[in-house]
Number of protein chains: 2
Amino acid sequence: MTDIKAQVNPLFLREEELRQGIELLFFSYRDFTGEADRILADKAFGRAHHRVIYFVGRHPGMAVTQLLGILKITKQSLSRVLGQLVEEGYVRQTPGERDRRQRLLELTEKGRALERQLSAAQMEMVARAYRAAGAEAVEGFRTVLLGLINEEDRKRFLERETAGGAKR
Amino acid sequence: MTDIKAQVNPLFLREEELRQGIELLFFSYRDFTGEADRILADKAFGRAHHRVIYFVGRHPGMAVTQLLGILKITKQSLSRVLGQLVEEGYVRQTPGERDRRQRLLELTEKGRALERQLSAAQMEMVARAYRAAGAEAVEGFRTVLLGLINEEDRKRFLERETAGGAKR
DNA sequence: GAACTAAGTCAACATGACTGACATAAAAGC
DNA sequence: GCTTTTATGTCAGTCATGTTGACTTAGTTC
């Protein structure tokens, strides 16, 4: 029956395939973030705190403007979240040496501990999916997701990849 | 230099790889939804409205409880959004025949028009990424994302795939 | 007839985003 | 050296989307 449909409208399967892609992104992101959300709920933190902790942990010494660029939110939005994290001792701000207007961000030991806890959960999920799918599928996963990302951030990924060497 | 690191700590590359997976999901989802968000902003609708329109369009005649199960939000959250969509003539509710307690949901013509507009934008993004990546990569993308999705929803995908036949 | 289920409602609240206006300090440009 | 730009922060108000909890109404099931 679907074979007939496919013959009548050759675009049908293509649209179906694309819609499945859309749904896969929706469901996988929903379930992927759900894991960490549960951990954060205990600490009265939200997804926004997680993102800050993640990226500050990933790029220690980054300036506030850089972080805003990654998160693509306004500084007013960030300030509440970042303020809480600083106040509760997860993130430390130190004036920049080169440019003393900057407040460079880094995780405290407490912050690193939370970062590890959150990342461990998510890395475990990704690792499970990677193992189940195999190396070739992982390569495809990366290629397609890269294609969904805007030019600028995509470049960052590709640079890191070649700079890191030894990967493929 | 990174080669040395990899030899000293064999887990380094693995962790790096997993973190890249996490970031790919974050950035791709951010950019992927950004496209539709801009269209919705004109109509004073948000992402929540989009999800309702999408899934009602995908499964015409579905009951409210089913929709809640897919979205994994509370009925109170849904009611506001659904109420607006019904009021503004995007979604129609009709009592179920088998079970008259149910209000079965379907898009109106107006709703289908918006659905097409939104989906066209996202399908275009996915299509572009698929084309650039190639069929093999797409298969890997699907496999890995399926592995990130909870058991139950994953089954739904796999059933649809085999039922639809003719795909692979 | 009692118990359960589908759907909806009212109320209060939390989170995370936004715009707009303004303040301070340091850097950069002329 | 004065002006302009930049980095950061703050105050105030608003909006969208989620939550919990309590309760109602109507229909189904046992």
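Heavy atoms only: backbone and side chains are in, while hydrogens, waters and symmetry mates are out. Treat the numbers as computed from the prediction; the structure is a model and nothing was measured. Order of the sequence lines sets the chain letters (A, B, ...), proteins ahead of strands, with each chain counted from 1.
If you measure from atom CG of B/Leu78 to atom P of C/dT9, you get 11 Å, rounded to the nearest angstrom. Nucleotide D/dT5 holds its C1' atom 17 Å from the CZ atom of A/Arg100, rounded to whole Å. Atom-to-atom, CZ of A/Arg103 to P of C/dT24 comes out at 14 Å; the value is rounded to the nearest Å. Here D/dG18 presents its C1' atom at 14 Å from CD of B/Gln84, a figure rounded to the nearest Å. If you measure from atom CD of A/Glu87 to atom P of D/dG9, you get 14 Å, rounded to the nearest angstrom. For the pair A/Arg30 CZ and D/dG18 C1', the interatomic distance rounds to 15 Å; values are reported in whole Å. Between the CD atom of A/Gln102 and the C1' atom of C/dT24 there is a distance of 16 Å, rounded to whole Å. Atom pair B/Leu82:CG and D/dT17:P shows a separation of 13 Å (rounding to whole Å applied).
Salt bridge A/Arg116/B/Glu15: absent, no basic N to carboxylate O contact under 4.0 Å. Comment: B/Glu151 engages B/Arg154 in a salt bridge, judged by a side-chain N to carboxylate O separation of less than 4.0 angstrom. For the pair B/Glu109 and B/Arg112, the salt-bridge criterion is met [side-chain N within less than 4.0 Å of a carboxylate O]. With respect to the salt-bridge test (charged N to carboxylate O, under 4.0 angstrom), the residues A/Glu23 and B/Arg58 qualify. For A/Arg131 and A/Glu124, the salt-bridge test passes: some basic side-chain N is under 4.0 Å from an acidic carboxylate O.
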- Message: Between B/Arg38 and B/Glu35, is the salt bridge (charged side-chain N to carboxylate O under 4.0 Å, His left out) condition met? List the steps.
- Response: CA-CA 6 Å; B/Arg38 279 184 285 277; B/Glu35 181 76 12; 3.6 Å; yes
- Message: Please determine whether ring pair (Phe, Tyr, Trp, His ring centres under 6.0 Å) holds for the pair A/Tyr29 and B/Phe32, giving the CA-CA distance in whole Å, both sets of side-chain angles, and the decisive distance to 0.1 Å.
- Response: CA-CA 11 Å; A/Tyr29 196 75; B/Phe32 174 67; over 10 Å; no
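When the side-chain nitrogen and oxygen atoms of B/Gln93 are compared with OP1 and OP2 of C/dG8, one or more of them lie within a distance under 4.0 Å. Dashed line: the shortest gap from a side-chain N or O of B/Ser77 to OP1 or OP2 of D/dT17 is not under 4.0 Å. Contact check, A/Thr74 against C/dC18: a side-chain N or O comes under 4.0 Å of OP1 or OP2. Within the 4.0 Å cut-off from OP1 or OP2 of C/dG8, not a single side-chain nitrogen or oxygen of B/Ser79 is found.
Nearest-nucleotide mapping onto DNA chain C: of B/Leu104 and A/Lys72, the residue sitting toward the 5' end is B/Leu104. Residue A/Val81 is the one, among A/Val81 and A/Arg98, whose nearest nucleotide of DNA chain C lies closer to the 5' end (criterion: closest heavy atom).
Hydrophobic clustering, with ILVMFWY side chains joined whenever heavy atoms are under 4.5 angstrom apart, keeps B/Leu104 apart from B/Val64.
Distance check: B/Arg92 CZ to B/Leu105 CG gives 11.0 Å after rounding to the nearest 0.5 Å.
No hydrogens or angles were tested; on distance alone, a donor-acceptor pair under 3.5 Å links the side chain of A/Arg80 to the base of C/dG16. Between the side chain of B/Arg101 and the base of C/dT5, a donor-acceptor pair under 3.5 Å is found.
For B/Gln76, counting side-chain heavy atoms from C-beta on, the closest listed nucleotide (D/dG9, C/dA11, C/dA17) is C/dA11. Of the candidate nucleotides C/dA17, C/dA7, C/dC22, C/dA7 has the atom lying nearest to any side-chain atom of B/Lys75.
Only A/Ala63, A/Val64, A/Thr65, listed by number, bring a heavy atom of residues 46-66 of chain A to less than 4.0 angstrom from any atom of DNA chain D.
Comparing the end axes of the helix from C/dG1-D/dC30 to C/dC30-D/dG1, each fitted to five base pairs by superposing C1' atoms of four pairs onto the next four, gives an inter-axis angle of 30° (nearest 10 degrees).
The six-membered or imidazole ring of A/Phe45 lies near that of A/Tyr90, with a centre-to-centre distance under 6.0 Å.
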